J.: 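A single structure is presented below for examination.
In this text the structure is predicted, and so the values were computed from the model without any measurement. All heavy atoms count here, side chains included; hydrogens, waters and symmetry mates do not.
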Amino acid sequence: MTHTLFDNLGANLEDGSQRLILSTNTLLFRVNKRKVIYIYLVNIVLFVLPTVAVLLGGLGYFIFKNLYIVPLFVLITASISVYTVFNSAFWIWVVIYTLASLLAGLFVKLFFSKRKISNT
């Protein structure tokens, strides 16, 4: 029986897959015995998380009709991720994601208020 890097250092996830952080910029997911997915944290930080923050900001205002609920949620979630996933250099991204979420909510608010004015 051969042991792999995943057997020694991997963390089992609920779905049976395994996760391993190779370095500070690469995440590996082992889906099955033959398939391994490499995810670079830079791609997540630069593309995925800002997109999620903007979408949450827009949808959050549309659902809650409050401009500050979702940006506060993004701020809290990103702050927790500084200590659990990323390092202290991620604080600038916490501010950027919070502002992006707030601006997206503000954009949705202005868009729908102008629509109501033009329809009346």
Side-chain angles (χ1 to χ4, degrees):
M1 182 173 171
T2 60
H3 292 282
T4 64
L5 189 60
F6 281 103
D7 296 331
N8 297 331
L9 300 174
N12 290 323
L13 301 176
E14 292 177 11
D15 61 354
S17 63
Q18 291 179 325
R19 176 188 65 185
L20 175 68
I21 298 176
L22 277 184
S23 66
T24 57
N25 61 0
T26 308
L27 244 145
L28 280 175
F29 285 97
R30 184 179 191 177
V31 179
N32 56 34
K33 288 186 178 185
R34 295 177 190 231
K35 187 173 182 181
V36 176
I37 299 173
Y38 293 91
I39 299 175
Y40 295 100
L41 292 178
V42 172
N43 294 338
I44 293 173
V45 169
L46 291 179
F47 302 111
V48 176
L49 294 178
T51 304
V52 169
V54 167
L55 289 175
L56 283 176
L59 289 174
Y61 179 77
F62 188 72
I63 293 170
F64 298 117
K65 302 294 186 222
N66 189 330
L67 195 58
Y68 303 108
I69 290 176
V70 175
L72 183 63
F73 172 75
V74 169
L75 176 69
I76 291 170
T77 306
S79 298
I80 290 171
S81 69
V82 166
Y83 297 108
T84 58
V85 179
F86 302 106
N87 58 16
S88 63
F90 189 72
W91 280 112
I92 187 67
W93 292 104
V94 171
V95 173
I96 291 171
Y97 299 156
T98 304
L99 290 175
S101 178
L102 183 67
L103 290 175
L106 185 63
F107 177 76
V108 169
K109 179 180 180 178
L110 293 174
F111 178 75
F112 280 105
S113 67
K114 293 205 183 241
R115 268 182 81 183
K116 287 180 183 177
I117 292 171
S118 65
N119 287 338
T120 57

J.: Heavy-atom distance under 4.5 Å between the side chains of V45 and F86, does that happen here?
T.: yes
J.: Got Y97 and F90 here, is their nearest side-chain heavy-atom distance under 4.5 Å?
T.: yes
J.: In this structure, would F111 and L67 fall into the same cluster of hydrophobic residues linked by side-chain contacts under 4.5 Å?
T.: yes
J.: Hey, does W91 have a side-chain heavy atom less than 4.5 Å from the side chain of S79?
T.: yes
J.: Side-chain heavy atoms under 4.5 angstrom apart, residues restricted to Ile, Leu, Val, Met, Phe, Trp, Tyr: same cluster for F107 and Y61?
T.: no
J.: So N43 and V48, do their side chains get closer than 4.5 Å, heavy atoms only?
T.: no
J.: Nearest 0.5 Å, what's the CG-OG distance between L59 and S101?
T.: 10.0 Å
J.: Flag the pair L102 / Y68 as yes when at least one side-chain heavy-atom distance between them is below 4.5 Å, and no otherwise.
T.: yes
J.: Which heavy-atom pair separates V70 from L56 by the least distance, and what is that distance?
T.: CG1-O, 3.2 Å
J.: Would you compute the distance between atom CD1 of I76 and atom OG of S81 and round it to the nearest 0.5 angstrom?
T.: 12.0 Å
J.: Hydrophobic clusters here meaning ILVMFWY residues chained together by side-chain heavy-atom distances under 4.5 Å, can you tell me if L72 and V54 are in one?
T.: no
J.: Is there a side-chain contact between W93 and L49 in this structure, where contact means two heavy atoms from C-beta onward sitting under 4.5 Å apart?
T.: no
J.: Less than 6.0 angstrom from the centroid, inside 45 degrees of the normal: does K65 satisfy that with respect to the ring of F62?
T.: yes
J.: So, does S113 use its side chain to make a donor-acceptor pair with the main chain of L110 at under 3.5 Å?
T.: yes
J.: If hydrophobic clusters are built from ILVMFWY residues whose side chains come within less than 4.5 Å, do V52 and V74 share one?
T.: yes
J.: Is there a path of hydrophobic side-chain contacts, each under 4.5 Å between heavy atoms, that joins I96 and V42?
T.: yes
